[in-house]
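Reckoned from all heavy atoms, side chains included, excluding hydrogens, waters and symmetry mates. Nothing here was measured: the structure is a model prediction, and the numbers come from that model. The chains referred to below are lettered A, B, ... by the order of the sequence lines, with proteins before strands, and numbering in each begins at 1.
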Number of protein chains: 2
Amino acid sequence: MLAEREPVTLRALVAGTGASTMAVYTHFGGMPGLWSAVRQEGFTRLARRLDAVPHTGDPVHDLAALGVAYARNALDSPELYRAMFDTRADLADAPAADATFDRLVVAVARARDEGRLDAGTDPGALATRYWAAGHGLVSLVVQGVLPAGVLGPLATDTAVALLTAAGDDPARCRRSVERAWAPG
Amino acid sequence: MLAEREPVTLRALVAGTGASTMAVYTHFGGMPGLWSAVRQEGFTRLARRLDAVPHTGDPVHDLAALGVAYARNALDSPELYRAMFDTRADLADAPAADATFDRLVVAVARARDEGRLDAGTDPGALATRYWAAGHGLVSLVVQGVLPAGVLGPLATDTAVALLTAAGDDPARCRRSVERAWAPG
DNA sequence: CAGTATGTCATAGCGTTGCTATGTTATCCG
DNA sequence: CGGATAACATAGCAACGCTATGACATACTG
């Protein structure tokens, strides 16, 4: 129903299943609980896609690849992404988001420890800036404000700016990031 | 009702006014139309705050000041900000957002024309990156995912990274941006 | 000035929503 | 075997957005 943009109502949900509306209450405790479960599933899928990103010898490329995976995940199922960051979302779902965010922090720390970023770089802070910028871009694209075609170039330039400011060599950084966005 | 986090329902809306539910339909055409009007009002207020940012001799500082005004506007009435970028928002409200966005493009072009940014800088593209990054940060803060206290430092570092990558001198850029975030 | 058109809004009610109370059935465990 | 527990179907409630209808006021028109 999410993918087909049909309104997700309790009665329409159980219509084809042969079950009654009570099933939703015994298993999810109501519609908010069901949406919470949907968001959990969304973050689980995101985590799976991030985990599928291989480690290479270039930690900056891997960092960019995480961003690409994040963007592709969102654009493959935009309705799910919107549900994950819905304005009505419960704050109790934040830990699931934090769990996937940790992967980004680790990748930043690795890029720093391997000498690509300044030794004084705070992985958590840079990962937050990186994520917020990416989330902002993806949100606007998913919302339809920005066309999907501009996401790659904009994300590339933003990533290069953030990582260069953190100490990476500009030209080398751009090569690493652009390689992550290359098709295939 | 937005400010007090009460659910905005048609009946609760007209309850204290002495009017009936029909008034909403004659003036707004229904609840979606009413929300659209709310978002228009939100963008109008945002535009007013951006217009109140004075021009100084430092175009990069002014660019940062626009970001500060954007953030303050959102944090002063977070519910309105959430309504403006609600996942259920109609795309027909985008022109109102574009109108405020133009102010950012002009400010970027000015910073470029006054020699602070590379001559080849595309004002629209940089403004989009700048806005998306700021929107991402503000969204996460308004949503409660990030604490409000970290917004200033994160936004500062992000702005410095983006503007430095566009050609501004790093140290000078940081001074300009930090001055915009200074209280008062 | 009379007559008509138009915009506004109160009343009443329709279909649907999320949710709950109640009774029934199935499953598990001592 | 028998009692406890969970799961679920049925029915119905309050509230939701919305619409049909008619009353009323104002504003045009001949």
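Contact annotation for A/G18: backbone-only contact, meaning every heavy-atom pair under 4.0 Å involves sugar-phosphate atoms and none involves a base. B/P32 comes within 4.0 angstrom of sugar-phosphate atoms only, judged by non-hydrogen atoms across all strands, and of no base. Counting any heavy atom pair closer than 4.0 Å across all strands shown, B/S20 reaches a base atom. A/M22 comes within 4.0 angstrom of a base, heavy atoms only.
Within the structure, every side-chain polar atom (N or O) of B/T26 is placed at least 4.0 Å from both OP1 and OP2 of C/dT8. In this model, the phosphate group of D/dC8 is approached by a side-chain N or O of A/H27 to a distance below 4.0 Å at OP1 or OP2.
The OH-C1' distance, from B/Y25 to C/dC9, rounds to 14 Å in whole Å. For the pair A/R88 CZ and C/dG18 P, the interatomic distance rounds to 11 Å; values are reported in whole Å. We find that CZ of B/F28 is positioned 19 Å from C1' of D/dT19, with the value rounded to whole Å. Note: CG (B/L13) to P (D/dG17) measures 9 Å, nearest angstrom. Across the protein-nucleic acid pair, A/M31 atom CE and C/dT16 atom P stand 16 Å apart, rounded to whole Å. B/L10 places its CG atom 18 Å from the P atom of C/dG13, with the value rounded to the nearest Å.
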Derivation of the side chain to side chain donor-acceptor pair (under 3.5 Å) call for A/H135 and A/Y130: CA-CA 9 Å; A/H135 169 62; A/Y130 192 83; over 6 Å; no

If you apply the rule side chain to side chain donor-acceptor pair (under 3.5 Å), what do you find for B/R116 with B/S176, and how did you get there? CA-CA 11 Å; B/R116 286 291 290 271; B/S176 295; 3.2 Å; yes

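With hydrogens and angles ignored, the 3.5 Å screen pairs no side-chain donor or acceptor of B/S36 with any backbone N or O of B/P32. Counting only distance, with no hydrogens or angles, the side chain of A/T121 and the backbone of A/L117 share no donor-acceptor pair below 3.5 Å.
Summary of the strand contacts: A/A23 and A/R11 both lie near DNA chain D, and taking for each the nucleotide with the nearest heavy atom, the more 5' one is attributed to A/A23.
Residue B/T21 has its side chain nearest to C/dA12 when only D/dG17, C/dA12, C/dG18 are considered.
Listed here is the closest heavy atom pair of A/T128 and A/F101: OG1-CZ, 3.4 Å.
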